[in-house]
Asker: 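Below: one structure in structure tokens.
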Amino acid sequence: MGKDTIADIITSIRNADMEKKGTVRIASTNISENIIQILLREGFIENVRKHRENKKYFLVSTLRHRGNRKGAYRNILKRISRPGLRIYSNYQRIPRILGGMGIVILSTSRGIMTDREARLEGIGGEILCYIW
């Protein structure tokens, strides 16, 4: 785990998806809990539970698999804003991923939320990642 917790979350999920693993273990922080809750709400993850090990908390999440097909969904997760280059957007210029099929996760003054929620509330923020 490095200093960029959001990139660590994305990389862990992407690697588990490529290896067709069912579960992912992520260090529990406020940011990671909010991002995982968004992924759970949007249907990219089946369920999440909090696990304690040696006085540290981890989020163990189960990836969603296709019905009849082998392997997991091929979720594309892409980190946009990073510590070396922050990307901000107002609510009118938040990009639409695949015409609204994908989601953009933003960090706003009211917390971490999806692009749809930010447009409804009329606030912009830092674009954290794209998921489709």
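Positions are given from 1, in the same order as the sequence printed here.
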Asker: Which distance, rounded to the nearest 0.5 Å, do you find between the CD of Glu121 and the OG of Ser109?
Answerer: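 Going from CD on Glu121 over to OG on Ser109, the span is 8.5 Å.
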
Asker: Please confirm whether the backbone N or O of Ala27 pairs with a side-chain atom of Ser32, one donor and one acceptor, at under 3.5 Å?
Answerer: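 Yes, Ser32 side chain to Ala27 backbone: donor-acceptor pair under 3.5 Å.
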
Asker: Would Lys78 and Tyr130 count as a cation-pi pair here, with the cationic atom under 6.0 angstrom from the ring centre and within 45° of the axis?
Answerer: no

Asker: Is there a donor-acceptor contact under 3.5 Å linking the side chains of Ser107 and Glu126?
Answerer: no

Asker: Roughly how far, to the nearest 0.5 Å, is CD1 of Ile127 from CZ of Arg79?
Answerer: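 Interatomic distance, Arg79 CZ to Ile127 CD1, rounded to 0.5 Å: 11.5 Å.
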
Asker: Yes or no on side chain to side chain contact (heavy atoms under 4.5 Å, CB included) for Thr23 and Leu63, after CA distance, side-chain angles and deciding distance?
Answerer: CA-CA 6 Å; Thr23 60; Leu63 299 177; over 6 Å; no

Asker: Which value, rounded to the nearest 0.5 Å, describes the distance between Ile35 atom CD1 and Ile131 atom CD1?
Answerer: 8.0 Å

Asker: CG of Asp8 to CD1 of Ile13: how many Å apart, nearest 0.5 Å?
Answerer: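 That separation rounds to 11.0 Å.
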
Asker: Any side-chain heavy atom of Leu85 within less than 4.5 Å of one from Ile87?
Answerer: yes

Asker: Over all heavy atoms of both residues, which pair between Arg119 and Ile94 is shortest? Give the atoms and the distance, please.
Answerer: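 Minimum heavy-atom separation between Arg119 and Ile94: NH2-O, 2.9 Å.
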
Asker: Quick one: CD on Glu42 to CD1 on Ile103, what's the gap to the nearest 0.5 Å?
Answerer: 4.5 Å

Asker: Taking Arg64 for its side chain and Gly43 for its backbone only, find out whether a donor-acceptor pair lies under 3.5 Å.
Answerer: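 It does hold such a pair.
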
Asker: Check for me, please, whether Ile45 and Ile9 land in the same ILVMFWY cluster - side-chain distances under 4.5 Å, paths through other members count.
Answerer: yes

Asker: Hydrophobic clustering (ILVMFWY, side-chain heavy atoms < 4.5 Å, transitive) - are Tyr88 and Ile105 grouped together?
Answerer: no

Asker: Check the pair Val24 / Val60 against side chain to side chain contact (heavy atoms under 4.5 Å, CB included), numbers first and verdict last.
Answerer: CA-CA 6 Å; Val24 179; Val60 179; over 6 Å; no

Asker: Would you check if the side chain of Glu19 reaches a backbone N or O of Ala16 as a donor-acceptor pair within less than 3.5 Å?
Answerer: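 No.
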
Asker: Could you give the distance from OG (Ser81) to CG (Leu106), rounded to the nearest 0.5 Å?
Answerer: 10.0 Å

Asker: Kindly indicate, with the supporting measurements, whether the criterion side chain to side chain contact (heavy atoms under 4.5 Å, CB included) is fulfilled by Thr114 and Val104.
Answerer: CA-CA 6 Å; Thr114 64; Val104 177; over 6 Å; no

Asker: Kindly indicate whether a cation-pi arrangement holds for Arg25 with Phe58, taking the cut-offs as under 6.0 Å to the six-membered ring centre and within 45° of the axis.
Answerer: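 Judged by the rule (NZ or CZ under 6.0 Å from the ring centre, within 45° of its axis), Arg25 counts as positioned above Phe58.
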
Asker: Examine distances only and state if a side-chain atom of Asn34 and a backbone atom of Asn30 form a donor-acceptor pair shorter than 3.5 Å.
Answerer: yes

Asker: Could you give me the CA-CA distance, side-chain angles and deciding distance for Ile31 and Ile6, then say whether side chain to side chain contact (heavy atoms under 4.5 Å, CB included) is met?
Answerer: CA-CA 8 Å; Ile31 294 172; Ile6 299 167; 3.8 Å; yes

